[in-house]
Amino acid sequence: MDEFIGAWTARHGATRDRLLPLLHAMQEEVGYIDDAWVPVIAKALNLSRADVHGVVTFYHDFRRVAPGRHVVKLCRAESCQARGGAGIEAAAAKLLGVAMGETRADGQVALEPVYCLGLCAIGPNALVDGRPVARIDAATLERIALEVAA
Ligand code: FES
């Protein structure tokens with residue numbers, strides 16, 4: 001990762017304001033931000049480790065462990081919660097065999113929260129490998145479970 005960070009900062013700059021773009025680029029490249037990379041990022045951008053750690057942990061979009069082969073994101077924002085989101089989340093965790101915020105031990109699927117997909121009127125909603133899925137119910141969850149088993 002040192003090489004990636006070095007090449008990225010050479011091209012895009014190594015000032016403090018480059019932190020978020022660099023973190024997004026790293027997540028795009030490898031899928032997550034490993035805690036071991038925090039000191040390297042801090043040194044490259046002349047920030048403290050605490051600064052970098054604080055940003056990585058503040059934003060829900062930054063993963064800190066390698067993602068599963070499939071990623072199911074369930075909306076936890078207000079409208080989807082009002083439409084049964086908590087029950088859907090519990091059912092999804094049971095069906096997929098993974099707790100919210102974690103990757104299943106076999107690495108096949110990760111279950112993650114997302115906060116509003118802009119589809120509030122047709123919730124509860126999910127993103128399955130980046131594809132929006134609306135009106136999630138028990139039947140939809142069964143289809144998602146089959147899809148991510150592949
Ligand atoms: S609240 Fe879930 S899509 Fe907006």
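Ligands are counted one by one from 1 in listed order, and the atoms in each one are counted from 1 as well. The first residue of the sequence shown is numbered 1, and numbering continues consecutively from there. Every value quoted in this text rests on a predicted model; they were computed, and no experiment measured them.
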Shared ILVMFWY cluster between Val38 and Leu45, side chains joined below 4.5 angstrom?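 Yes: a chain of side-chain contacts under 4.5 Å links Val38 to Leu45.
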Output the list of atoms in ligand 1 that are nearer than 4.0 Å to some heavy atom of [X], sorted by atom number.
X	result
Leu119	3 (S)
Gly118	3 (S)
Ser79	1 (S)
Asn125	3 (S)

Would you give the angle at atom 2 (Fe) of ligand 1 between Cys80 atom SG and Cys75 atom SG, to the nearest 10°?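 Centred on atom 2 (Fe) of ligand 1, the SG/SG angle is 100° (to 10°).
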Do the charged groups of Asp34 and Arg64 touch, with an N to O distance under 4.0 Å?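 Not counted as a salt bridge, because no side-chain N and carboxylate O are separated by less than 4.0 Å.
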Please determine if Glu78 and Arg83 form a salt bridge, counting it only when a charged side-chain N lies under 4.0 Å from a carboxylate O.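 So Glu78 does not pair with Arg83 through a salt bridge.
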Spacing of Glu29 atom CD and Leu22 atom CG [to the nearest 0.5 Å]: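 Atom-to-atom, Glu29:CD and Leu22:CG are 11.0 Å apart.
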Consider ligand 1: state whether an atom of it lies below 4.0 angstrom from any non-hydrogen atom of Pro124.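 Pro124: no contact with ligand 1 (<4.0 Å).
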Considering non-hydrogen atoms of the protein only, which is the closest contact for atom 3 (S) of ligand 1, and what is the distance?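 Going by distance alone, atom 3 (S) of ligand 1 is nearest to Leu117 N, 3.2 Å.
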Quick check on the 6.0 Å ring-centre criterion: do Tyr32 and Trp37 meet it?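 Between Trp37 and Tyr32, which both carry aromatic rings, the centre distance is below 6.0 Å.
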Angle subtended at atom 4 (Fe) of ligand 1 by SG of Cys120 and SG of Cys116, nearest 10°: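 Cys120 SG and Cys116 SG form an angle of 90° at atom 4 (Fe) of ligand 1.
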Which pairs pass ring-ring contact (aromatic ring centres under 6.0 Å, His included) with one or both residues in residues 129-150, sequence neighbours excluded?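 Listed once each, the pairs would be none.
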